[in-house]
There are 2 protein chains.
Amino acid sequence: MSPKSQAETTRRPRGSLSRAEILQGAFALVSDDGVEAFSMSRLAKKLDIGVMSMYWYFRNKDDLLDALSDEAARRFAELLPDLSGYPWDEHLREYFRAFRRIYREQPVLRDLIIMRAPMQYRSHEALHSYFERLEREIAVLVDAGFTIDAAARAYAVLSIYARGCLINERLFADSGQERNSAEYNAALGQIDFAGMPYLAKVHGVWDPEVAMEGEFEHGLGLIIEGLRSMLEQTAKAPGT
Amino acid sequence: MSPKSQAETTRRPRGSLSRAEILQGAFALVSDDGVEAFSMSRLAKKLDIGVMSMYWYFRNKDDLLDALSDEAARRFAELLPDLSGYPWDEHLREYFRAFRRIYREQPVLRDLIIMRAPMQYRSHEALHSYFERLEREIAVLVDAGFTIDAAARAYAVLSIYARGCLINERLFADSGQERNSAEYNAALGQIDFAGMPYLAKVHGVWDPEVAMEGEFEHGLGLIIEGLRSMLEQTAKAPGT
DNA sequence: ACCTGAACACCGTTCAAGT
DNA sequence: ACCTGAACACCGTTCAAGT
């Protein structure tokens, strides 16, 4: 009956398993059910192996997830579009729009990269290609007149902001399902906005659904505007 | 010998337990050992009660943690300084400096508020006092000439940025201990910066320790600069 | 109404094998 | 060298009591 009935007592031959096969299965599992549903037992069952077999290739669960995040970071980098040719401000805007779009379209990548440690590039190759990307982004800003430091910091600020938005959206999404929309809206309905004239006019904005859409774009514009203002000031200042 | 020897067979009297006592114990436990170390069993042992006793007051672990976050949000609000009297830009800067300082000084609050769902204010009172705070912050910006919408969005952008920085610092802190500093630095050492002239000059900045300190301030200044620039443009535009 | 223990289905990992 | 099952110490929660 079960597909196992044949293999019930068979043991996998020596070279039949591999790091790559485990990672591939893990990626599929996280894709389908999310990181929080991922467990060593479930992966073992999916791959039809003993749980302990994976401990030959990975020290522990965390080590496996780290390798998985590294793989996710590689896939993410491949999805970034080529944006050469834009002026610096449009370049930044499009870069971080693409950044957000990719993570929103592929929740696996978001869960493995954004929601886990900020530095996923543990392997040498991944780290190298990350730095190359960074170098190109910094170059765009330096060519536009920013100092190297200002360029690096600008990229960092925008990254943190974009990551913050994605984390916010994620946390809202999975807490907002049952308990919040009910309890939160009930609590919200009871609020008396009489003493809060300003909030009364915008409190529609605090509806998560409404807020998130415009929010990211607005902050992106704000930070780029700050950069433009900074650039103009330093351009005037030195004089000679 | 053990303090339990007396009470070994005694059963707690009816009114001896309370929501407040459980939350207090839970807060202490999370303070001491962090959220990820928190478990129902540990809390029960600490309070010297049966594990199931807590399920009379809370539906489940998540429900308990939600209530705990609500309590944490209340404590956070009390720690915010009064900043009336500052001009709008200095006000924003000081507000979010205080925001970050509190969470850095009290990791419990950070773990319970920043690292969990973005909307912790489930109870009516907590939500109300949050909105009152929001109203005051928006008022500062509206008085300075911002539209209500721009003011609300400005606050949201700065919140997301500040939260993003705190999350980054947190994730770095607990992943950076053993595995990263060793493996990451090893990988970093192998990188050939020959083809990356800009990064070669700033890559000290990417050392987490160095980066984090100036990073927050820089982004704060950048966003406020963007706001100033926006304010000047709208002030000129309408004319009459 | 309030507190509890036994039992269940999970989890990650150690250890001592098997081949 | 590579794969495995039994066993351990945990976890959250259901259920069926106790008082």
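Side-chain atoms are counted along with the backbone in the values below, which use heavy atoms only and exclude waters and symmetry mates. Letters go in sequence order (proteins before strands), and every chain restarts at 1.
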K.L.:
To the nearest Å, give me how far apart CE (Met40(B)) and P (dC3(C)) are.
P.N.:
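After rounding, the gap between these two atoms is 14 Å.
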K.L.:
Does the pair Arg100(B)/Glu94(B) count as a salt bridge with the N-to-O cut at 4.0 Å?
P.N.:
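So Arg100(B) does not pair with Glu94(B) through a salt bridge.
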K.L.:
Which nucleotide sits closest to the side chain of Trp56(B): dG12(D), dG12(C), dC2(C)?
P.N.:
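Between dG12(D), dG12(C), dC2(C), the one nearest the side chain of Trp56(B) would be dC2(C).
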K.L.:
Report the nucleotide, chosen from dT13(C), dG12(C), dC3(D), that has the shortest atom-to-atom distance to any side-chain atom of Met52(A).
P.N.:
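The listed nucleotide nearest to Met52(A)'s side chain is dT13(C).
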K.L.:
From the list dC3(C), dT13(C), dC3(D), which nucleotide is the closest neighbour of the side chain of Arg12(A)?
P.N.:
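Minimum distance to the Arg12(A) side chain belongs to dC3(D).
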K.L.:
If you take the centroid of each ring, where Trp contributes its six-membered ring, are Phe99(B) and Phe76(B) closer together than 6.0 Å?
P.N.:
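Yes, the ring of Phe76(B) comes within the 6.0 Å limit of the ring of Phe99(B), centre to centre.
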K.L.:
Grab the NZ-C1' distance between Lys45(A) and dG12(C) for me, whole Å please.
P.N.:
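It is 16 Å, rounded to the nearest whole Å.
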K.L.:
Please report whether the ring centroid of Phe27(A) lies less than 6.0 Å from that of Phe38(A).
P.N.:
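No, ring centres 6.0 Å or more apart.
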K.L.:
Tell me the interatomic distance from Asn60(A), atom CG, to dT14(C), atom P, rounded to whole angstroms.
P.N.:
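Interatomic distance, CG of Asn60(A) to P of dT14(C): 8 Å.
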K.L.:
Tell me the partner of dA1(D), counting only Watson-Crick (N1-N3 plus N6-O4 or O6-N4) or G-U wobble (N1-O2 and O6-N3) with both under 3.5 Å; none if nothing fits.
P.N.:
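In the structure as shown, dA1(D) has dT19(C) as its Watson-Crick or wobble partner.
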K.L.:
Using whole Å, report how far CG of Leu43(B) lies from C1' of dT13(D).
P.N.:
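To the nearest whole Å, that distance equals 15 Å.
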K.L.:
Could you point out which residue of Phe216(B), Tyr103(B), Tyr155(B) forms a ring pair (Phe, Tyr, Trp, His ring centres under 6.0 Å) with Phe96(B)?
P.N.:
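Of all the options given, the one that passes is Tyr155(B).
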K.L.:
Take the protein atom CG of Asp48(B) and the nucleotide atom P of dT4(C), then report the distance between them rounded to whole Å.
P.N.:
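Roughly 9 Å, once rounded to whole Å.
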K.L.:
Picking from dC3(D), dT4(C), dG12(C), which would you name as closest to the side chain of Ser41(A)?
P.N.:
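For the Ser41(A) side chain, the nearest candidate turns out to be dG12(C).
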K.L.:
Closer to the 5' end of DNA chain D via nearest nucleotide, is it Lys61(B) or Pro13(A)?
P.N.:
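By nearest-heavy-atom nucleotide position, the 5'-most residue is Pro13(A).
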K.L.:
Can a side chain N or O of Ser16(A) be found less than 4.0 Å away from OP1 or OP2 on dC3(D)?
P.N.:
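True: Ser16(A) side-chain N/O within range (under 4.0 Å) of dC3(D) OP1/OP2.
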K.L.:
Could you check whether Phe193(B) and Phe131(A) have their ring centres less than 6.0 Å apart?
P.N.:
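Between Phe131(A) and Phe193(B), the centre distance is under 6.0 Å.
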K.L.:
Just the rounded figure in Å: distance from C1' of dT14(D) to CZ of Arg59(B).
P.N.:
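Atom CZ in Arg59(B) sits about 16 Å away from atom C1' in dT14(D).
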K.L.:
Could you tell me the Watson-Crick or G-U partner of dG12(C), where both distances fall under 3.5 Å? Say none if there is no partner.
P.N.:
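Per the H-bond distance test, dC8(D).
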K.L.:
Round to a whole Å and report the spacing from CZ of Phe58(A) to C1' of dG12(C).
P.N.:
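Rounded to whole Å, this separation is 16 Å.
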K.L.:
With a cut-off of less than 4.0 Å, is there a side-chain N or O of Ser39(A) near OP1 or OP2 of dC10(C)?
P.N.:
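The answer is no; no side-chain N or O of Ser39(A) sits under 4.0 Å from OP1 or OP2.
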K.L.:
If I take atom OH in residue Tyr55(B) and atom P in nucleotide dT14(D), what distance separates them, rounded to the nearest angstrom?
P.N.:
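The answer, rounded to whole Å, is 7 Å.
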K.L.:
Checking all strands, does Tyr57(B) fall into the base, sugar-phosphate, or nothing category for heavy-atom contacts under 4.0 angstrom?
P.N.:
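Result for Tyr57(B) = sugar-phosphate.
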